[in-house]
Amino acid sequence: MKMNKTLLSIAVAGSLLSTSAAVNAAGFQLAEYSATGLGRAYAGEAAMADNASAQWRNPAMLTYLEGTQISVGAIYVDPNVDINGTSSFMGNDVPANSNDFAHDAIIPNFYVSHQYSDKLAFGLALGTNYGMETNLGDDFGATNFGNEASVMSMEVNLNTAYQVTESVSIGGGVRYVMADGSFGAKVSPHFPVISGNTLKYMEGDDTAWAWQVGSAWQIDEANRIGFTYKSEVDLTLEGFAKGAGFGLAADQQKAGSMKLALPATAELASFHQLTDKVAVHASINWTDWSSFKELVADFPDGTSSHIKDEYWEDNMRYAIGATYQVDSKLVLRTGIAYDESAVGDEYRTATIPETDRLWLSLGAGYQWSEQLSFDAGFTYIFAKDAQMTESRVDGTPALQDPADFGGDFSGEVTGSIWLIGVQANYTF
């Protein structure tokens with residue numbers, strides 16, 4: 001597989017990014033763009049400019065950065081997610097369980113900012129907004145609905161910001177997104193004779209251009225508001241398909257593609273310096289997940305295969321944090337966030353068991369020298385226990401529905417996620 005395994009995976013899975021249980025924001029979205037923000041649960045990001053990473057959430061914040069700055073870091077993600085359920089097959093209820101099936105990951109980032117003049121600044125950003133990987137195993141009792149999926153993307157931003165007045169800055173940038181993914185489903189291990197045979201497997205990749213804009217309003221010396229918007233990213237994931245679910249023999253595969261849009265997002269944030277040492281900050285984030293309604297695989301001969309109706313919902317994320325400047329070198333951070341699920345019980349799936357999440361975060365920054373500083377962040381995410389059901393779709397012809405190859409599935413997902421990040425920042 002290539003560097004990323006993206007949406008086609010989920011696409012076909014009928015679940016489609018991040019974190020889902022394997023991902024840490026709604027859907028298959030990743031919030032982890034810097035360890036600096038991690039320590040405050042990413043509260044107030046569109047209104048804060050600690051280092052060059054600020055441009056990822058709001059390009060307008062580039063005007064608040066002096067000189068030329070470099071910021072580089074990584075976040076380690078350790079999801080612990082379990083599913084316990086049953087499959088109803090041939091009149092019997094059989095176990096369908098999988099433990100710790102979401103894979104660990106390291107999410108890197110790299111940022112450069114340059115103050116060209118008192119009013120104009122430029123930036124370069126490399127990171128990711130989407131990523132996940134799950135593998136429930138070949139012995140999972142409901143492999144007929146999917147037992148493996150992976151999604152990731154890499155993104156390069158080129159950003160520009162301009163200070164329009166003493167109190168207002170604007171910014172924008174172009175985004176180049178690279179993505180690829182895979183999805184697999186097999187005949188249930190409880191199915192006689194053909195258990196373990198591939199029902200559907202797809203993988204594909206694509207690149208696309210998108211954009212982002214942002215603004216900042218410095219109300220006074222102690223109060224600031226920021227707003228940012230990232231456009232939808234339109235992808236056509238091209239690759240291949242194989243499996244009986246696509247009408248192919250065991251040794252056959254054929255080219256296929258799937259149109260998929262990564263949803264638009266927006267953030268409204270505020271920053272308030274209460275005293276010389278204490279500041280509070282908050283964010284409200286919106287993601288247009290309702291644009292994700294169905295999954296359809298397209299083939300070069302003009303035919304297509306309807307995978308699944310999704311009907312996801314727009315979701316909101318709410319975060320509030322605080323910063324305490326201990327002395328000239330040490331700063332402490334903390335935050336709490338609530339991330340709504342992008343899918344209800346009716347459409348939740350085992351490969352991406354999306355659910356509500358509560359973030360609790362701590363972090364610190366240390367000014368090692370006039371030019372060099374370090375940040376560290378730690379977050380524990382409580383994933384809400386959630387029910388899921390996957391069953392036959394009414395009107396589906398015989399032997400064309402996953403339920404025909406292992407029965408209906410119902411279960412519950414439980415879990416939590418640990419995040420640990422470090423960041424190094426240098427100013428020239």
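Quantities reported herein were computed from a predicted structural model and do not represent experimental measurements.
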Of Asn80, Asn147, Ile83, the residue whose pairing with Phe101 passes side-chain contact (heavy atoms from CB on, under 4.5 Å) | Ile83

Given Thr207, Val156, Val233, Thr128, the one that forms side-chain contact (heavy atoms from CB on, under 4.5 Å) with Val177 |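 Of all the options given, the one that passes is Val233.
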
Sub-3.5 Å donor-acceptor pair from the side chain of [X] to the main-chain atoms of [Y], do we have one?
X      : Y      : result
Ser169 : Thr63  : no
Glu267 : Ala46  : yes
Gln212 : Asn159 : no
Asp356 : Glu340 : no
Asn144 : Gly407 : yes
Thr334 : Leu362 : no
Ser195 : Pro192 : no
Arg348 : Glu354 : yes
Ser98  : Leu136 : yes
Thr228 : Arg57  : yes

Answer with yes or no whether the side chains of [Y] and [X] bring together a donor and an acceptor at under 3.5 Å.
X      : Y      : value
Ser283 : Asn285 : no
Asn157 : Trp56  : no
Ser410 : Asp408 : no
Asp298 : Ser257 : no

Heavy atoms only: give me the nearest [X]-[Y] pair and the separation to one decimal.
X      : Y      : answer
Pro263 : Ser291 : CB-OG, 4.1 Å
Ala35  : Gly421 : CB-C, 3.3 Å
Ala102 : Pro79  : O-CG, 3.5 Å
Asn58  : Gly226 : ND2-CA, 4.1 Å
Asp401 : Ala403 : OD1-N, 2.9 Å
Lys242 : Leu248 : CA-CD1, 3.6 Å

Considering residues, nucleotides and ligands other than Trp217, do more than 12 of their heavy atoms fall under 6.0 Å from its CH2?
->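 Counting neighbours around CH2 of Trp217, 12 or fewer heavy atoms of other residues, nucleotides or ligands fall under 6.0 Å, so no.
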
Are there more than 12 heavy atoms of other residues, nucleotides or ligands under 6.0 Å from atom NZ of Lys329?
-> yes

Hey, does [Y] have a side-chain heavy atom less than 4.5 Å from the side chain of [X]?
X      : Y      : value
Ile107 : Leu30  : yes
Trp286 : Asp314 : yes
Tyr380 : Ser416 : yes
Ile75  : Leu38  : yes
Lys384 : Arg357 : no
Tyr111 : Gln423 : yes
Thr36  : Asn51  : yes
Met388 : Pro353 : yes

Under the ring pair (Phe, Tyr, Trp, His ring centres under 6.0 Å) rule, what do Tyr338 and Trp359 come out as? Steps first, then yes or no, please.
-> CA-CA 6 Å; Tyr338 184 75; Trp359 294 52; over 10 Å; no

Show the numbers, then the answer: is there a side-chain hydrogen bond (donor to acceptor under 3.5 Å, both in side chains) between Thr86 and Asp93?
-> CA-CA 6 Å; Thr86 58; Asp93 288 341; 5.0 Å; no

I would like to know whether Leu262 and Asn129 meet side chain to side chain contact (heavy atoms under 4.5 Å, CB included); could you show each step before the answer?
-> CA-CA 10 Å; Leu262 307 184; Asn129 277 321; over 6 Å; no

Taking it one step at a time, do His103 and Thr134 satisfy side-chain hydrogen bond (donor to acceptor under 3.5 Å, both in side chains)?
-> CA-CA 6 Å; His103 291 193; Thr134 58; over 6 Å; no

Between Tyr347 and Trp312, does a ring pair (Phe, Tyr, Trp, His ring centres under 6.0 Å) hold up when you go through it step by step?
-> CA-CA 8 Å; Tyr347 296 106; Trp312 281 32; 9.6 Å; no

Does the pair Asp206 and Thr236 meet the rule for a side-chain hydrogen bond (donor to acceptor under 3.5 Å, both in side chains), with working shown?
-> CA-CA 6 Å; Asp206 192 20; Thr236 300; 4.7 Å; no

Under the side chain to side chain contact (heavy atoms under 4.5 Å, CB included) criterion, do Ser231 and Arg175 qualify, and how do the steps go?
-> CA-CA 9 Å; Ser231 72; Arg175 304 162 56 202; 4.1 Å; yes

Between NE2 on residue His272 and OG1 on residue Thr323, distance to nearest 0.5 Å =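 The NE2 atom of His272 sits 12.0 Å away from the OG1 atom of Thr323.
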
Give the intermediate values and the outcome of side-chain hydrogen bond (donor to acceptor under 3.5 Å, both in side chains) for residues Asp345 and Thr389.
-> CA-CA 7 Å; Asp345 292 351; Thr389 301; over 6 Å; no

Under 30°, 30 to 60°, or over 60°: which ring-plane class applies to Tyr229 and Trp211, parallel, tilted or perpendicular?
->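 Correct class here is tilted.
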
Could you walk me through whether Val326 and Val331 pass the side chain to side chain contact (heavy atoms under 4.5 Å, CB included) check?
-> CA-CA 6 Å; Val326 179; Val331 60; over 6 Å; no

Considering the options Phe89, Phe145, Phe140, which one meets the ring pair (Phe, Tyr, Trp, His ring centres under 6.0 Å) requirement together with Phe409?
->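 Single pass found, and it is Phe140.
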
Can the positive tip of [X] be found less than 6.0 Å from the middle of the six-membered ring of [Y], inside 45° of the ring normal?
X      : Y      : result
Lys254 : Phe246 : no
Lys200 : Phe183 : no
Arg317 : Tyr42  : no

Under the side chain to side chain contact (heavy atoms under 4.5 Å, CB included) rule, what do Arg333 and Asp50 come out as? Steps first, then yes or no, please.
-> CA-CA 12 Å; Arg333 306 180 180 101; Asp50 305 273; 4.1 Å; yes

Residues Asp138, Lys186; criterion salt bridge (charged side-chain N to carboxylate O under 4.0 Å, His left out); working and verdict = CA-CA 8 Å; Asp138 291 347; Lys186 295 184 176 181; 3.3 Å; yes

Please report the C-alpha distance between Asp234 and Lys259 in whole Å, then the side-chain angles of each, then the deciding distance to 0.1 Å, and finally whether the salt bridge (charged side-chain N to carboxylate O under 4.0 Å, His left out) criterion is met.
-> CA-CA 7 Å; Asp234 294 317; Lys259 293 181 180 179; over 6 Å; no

